[in-house]
Protein chains: 2
Amino acid sequence: MARMSATDRRSALLEAAFRVIAAEGVSAATTRAIVAEAGMSLASFHYAFTSRDEMMRELIRHVIENQAVAAFSSLRYGVDLRTAIRDGLQAFFAVVVADPAHEQTMFELMQYSLRTPELAQLPREQYSGYRNAVSGLLETAAADTGMSWLLPLDDVARMVVAMTDGITLAWLADGDAAAGSRVIEFAATSIAALAQPIDTPSPVIALQHPHVTDTAENAP
Amino acid sequence: MARMSATDRRSALLEAAFRVIAAEGVSAATTRAIVAEAGMSLASFHYAFTSRDEMMRELIRHVIENQAVAAFSSLRYGVDLRTAIRDGLQAFFAVVVADPAHEQTMFELMQYSLRTPELAQLPREQYSGYRNAVSGLLETAAADTGMSWLLPLDDVARMVVAMTDGITLAWLADGDAAAGSRVIEFAATSIAALAQPIDTPSPVIALQHPHVTDTAENAP
DNA sequence: GTCTATAAGGAGATAGAC
DNA sequence: GTCTATCTCCTTATAGAC
């Protein structure tokens with residue numbers, strides 16, 4: 001193999017590892033399978049990384065930082081809030097359906113992190129990142145349509161992330177994309193109902209949320 | 001080890017396997033780890049099962065058939081629909097929080113199934129089972145409170161299952177149980193809004209669901 | 001029927017030639 | 001720097017004593 005900088009070799013191996021995992025799962029991502037995918041010799045792997053564990057840590061950190069929530073960004077203007085949310089969710093779902101292995105890999109890497117003590121806090125950062133991205137979009141969407149959220153923005157984002165995860169997982173399980181789209185239609189309505197027109201003088205609290213059960217946090 | 005019938009030995013090994021997976025993940029569930037957990041010798045494993053693969057198939061079939069959705073069943077009577085749904089969701093979530101390893105194991109076994117060609121159709125049955133169980137509860141809850149669903153019951157169940165999956169996954173990631181409970185409060189309101197009083201003569205379609213995007217099913 | 005001992009192969013990691 | 005060849009460990013599975 002031609003000479004490559006250590007940095008390039010690391011990148012090439014990380015990309016190869018992701019492809020192997022997407023195609024065959026984490027358990028199939030052996031060092032041998034990864035170097036074969038990257039077209040390198042086995043020794044090159046340990047020249048670039050001190051161990052397979054180190055590579056997995058790097059891979060997970062990388063995918064968490066570079067997660068493409070870009071799908072959401074296709075916000076249309078001049079539509080009502082529900083339509084904006086609906087479009088965003090359907091666009092996200094279309095990306096999932098077009099590349100199911102990618103989302104499945106994200107779930108697998110999350111499981112791997114949760115099972116690896118030194119990586120166990122990464123999913124927390126990952127979900128915090130999801131919520132931040134979604135919060136920004138929700139804020140923009142509400143502002144553009146003259147609405148304001150009746151709940152803390154982060155909680156609305158939590159609900160949106162929960163819906164996308166739930167719909168994605170169900171689709172990975174049963175492959176019924178039409179049903180996923182139907183659920184998105186209802187979900188968009190539900191989420192839009194968590195906002196009210198901004199020019200309403202007296203805040204109308206139409207939602208019931210009498211009390212939140214006291215449940216202690218666990219120690220992840 | 002004392003004599004055991006082959007059936008008892010299989011059951012004991014399946015339970016031991018589940019415990020090992022719950023504690024350390026699928027990748028740690030080697031035949032050696034499983035027989036150690038069950039207090040047997042390695043040879044006993046292959047006396048009960050022809051291979052580790054066969055044991056995993058049996059384990060997954062078993063957990064899918066015996067999944068405890070019993071948590072939902074704590075339906076209170078004499079309350080409104082939203083409260084009934086809220087109670088059910090909070091009861092489910094309390095079970096998850098009390099035994100996180102169990103839910104994590106269910107997700108891991110689902111991933112394993114999806115990655116194993118001959119088991120790849122099991123998650124479909126699993127989710128169909130979830131929806132059937134939830135549908136029954138939703139039907140009862142609506143009937144008891146004099147309400148009727150504005151959407152196909154199966155679609156409402158889909159939304160409930162998506163919410164529970166999404167909330168569970170987020171909690172496994174970040175351990176914020178209070179946030180999970182808050183989302184449940186909002187979700188219960190949203191889901192209850194998909195029903196209307198049964199004695200309303202003219203059906204009031206309050207929901208917007210203009211059109212469902214045509215998305216073809218994938219081939220799982 | 002249940003065990004110990006071992007076969008056969010795949011894994012991560014490294015030595016040492018070039 | 002990059003390779004081939006190899007070390008060592010751990011895996012599933014089985015042979016054969018009892």
Side-chain angles (χ1 to χ4, degrees), chain A residues 1-61 108-109 111-113 115-119, chain B residues 1-21 23-60 108-109 111-113 115-119:
Chain A
M1 186 94 202
R3 289 198 181 180
M4 297 177 67
S5 74
T7 311
D8 286 352
R9 205 171 274 280
R10 283 169 74 96
S11 298
L13 284 168
L14 288 175
E15 288 166 21
F18 190 91
R19 287 196 299 274
V20 171
I21 295 174
E24 302 177 71
V26 170
S27 66
T30 63
T31 54
R32 285 173 166 80
I34 294 166
V35 296
E37 171 71 25
M40 296 180 195
S41 72
L42 183 54
S44 299
F45 186 97
H46 285 93
Y47 181 76
F49 296 100
T50 64
S51 70
R52 180 181 179 276
D53 278 358
E54 189 209 328
M55 188 277 297
M56 287 296 290
R57 281 197 294 275
E58 185 93 358
L59 176 62
I60 290 171
R61 290 216 175 80
E108 281 192 70
L109 290 178
Q111 297 280 0
Y112 183 90
S113 296
R115 289 296 189 191
T116 308
E118 61 186 313
L119 302 181
Chain B
M1 188 93 201
R3 287 197 184 180
M4 297 177 67
S5 74
T7 310
D8 287 352
R9 207 171 272 280
R10 283 169 74 96
S11 298
L13 284 168
L14 288 176
E15 286 166 22
F18 191 92
R19 286 196 299 274
V20 171
I21 295 174
E24 302 178 71
V26 170
S27 65
T30 64
T31 53
R32 282 174 160 80
I34 294 166
V35 295
E37 172 72 24
M40 297 180 195
S41 72
L42 183 53
S44 299
F45 186 97
H46 289 283
Y47 181 75
F49 296 100
T50 63
S51 70
R52 181 181 179 278
D53 279 358
E54 189 209 327
M55 187 276 298
M56 287 296 291
R57 282 197 295 275
E58 185 91 358
L59 176 62
I60 290 171
E108 281 192 69
L109 291 178
Q111 296 280 0
Y112 183 91
S113 295
R115 289 296 189 190
T116 307
E118 61 187 312
L119 303 180

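Below, read A as the first sequence line, B as the second, and so on, with proteins coming before strands; counting in each chain starts at 1.
Residues B/Gln111 and B/Val26 form no side-chain contact, since every pair of their non-hydrogen atoms from C-beta on lies 4.5 Å or further apart. The closest side-chain heavy-atom distance from A/Leu109 to A/Met56 is below 4.5 Å.
A heavy atom lying under 4.0 Å from DNA chain D marks the following residues of residues 50-59 of chain B, by number: B/Ser51, B/Arg52.
Note that OH of B/Tyr47 is 8.5 Å distant from CZ of B/Arg9, once rounded to the nearest 0.5 Å. Atom-to-atom distance recorded for B/Met4:CE and B/Ser11:OG is 8.0 Å, nearest 0.5 angstrom. Within the model, atoms NE2 of A/His46 and OG of A/Ser41 stand 11.5 Å from one another, a figure rounded to the nearest 0.5 Å. The CD1 atom of A/Ile60 lies 11.0 Å from the CZ atom of A/Phe18; values are rounded to the nearest 0.5 Å. In this structure, the separation between CG on B/Leu13 and CD1 on B/Ile34 is 7.5 Å, given to the nearest 0.5 Å.
B/Glu24 is linked by a side-chain contact (heavy atoms from CB on, under 4.5 Å) to B/Ala28, counting only residues two or more places apart in sequence or in another chain. For A/Thr7, the side-chain contact (heavy atoms from CB on, under 4.5 Å) partners at least two apart in sequence or on another chain are A/Ser5.
Following rounding to the nearest Å, B/Asp8 (CG) and C/dT2 (P) show an atom-to-atom distance of 11 Å. With rounding to whole Å, A/Tyr47 atom OH is found 16 Å from C/dA15 atom C1'. The distance from atom CD1 of A/Ile34 to atom P of C/dA11 is 11 Å, rounded to the nearest whole Å. In this structure, the CG atom of B/Leu13 is 13 Å from the P atom of D/dA13, given to the nearest Å. Atom CZ of B/Phe49 is separated from atom C1' of D/dA13 by 15 Å (rounded to the nearest Å).
Nearest nucleotide to the side chain of A/Arg9, out of C/dG12, D/dT2, C/dG1: D/dT2.
Terminal axes of the helix from C/dG1-D/dC18 to C/dC18-D/dG1 (five pairs each, C1' rotation axis) are separated by 20°, to the nearest 10°.
Note on residues 33-57 of chain A: pairs passing salt bridge (charged side-chain N to carboxylate O under 4.0 Å, His left out), not counting sequence neighbours, are A/Arg10-A/Glu54, A/Arg19-A/Glu37, A/Arg57-A/Glu118.
In this structure, B/His46 reaches the D/dA13 phosphate: one of its side-chain N or O atoms is under 4.0 Å from OP1 or OP2. OP1 or OP2 of D/dC3 lies within a sub-4.0 Å distance of a side-chain N or O belonging to A/Ser44.
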Reading nucleotides 4-9 of chain C from 5' to 3' and marking B where a protein heavy atom lies under 4.0 Å of the base, S where only the sugar-phosphate is that close, and - otherwise, the string is B-----
Item to complete: Just do the side-chain contact (heavy atoms from CB on, under 4.5 Å) check on B/Ile21 and B/Leu59 with the steps written out, would you?
Response: CA-CA 11 Å; B/Ile21 295 174; B/Leu59 176 62; 3.7 Å; yes
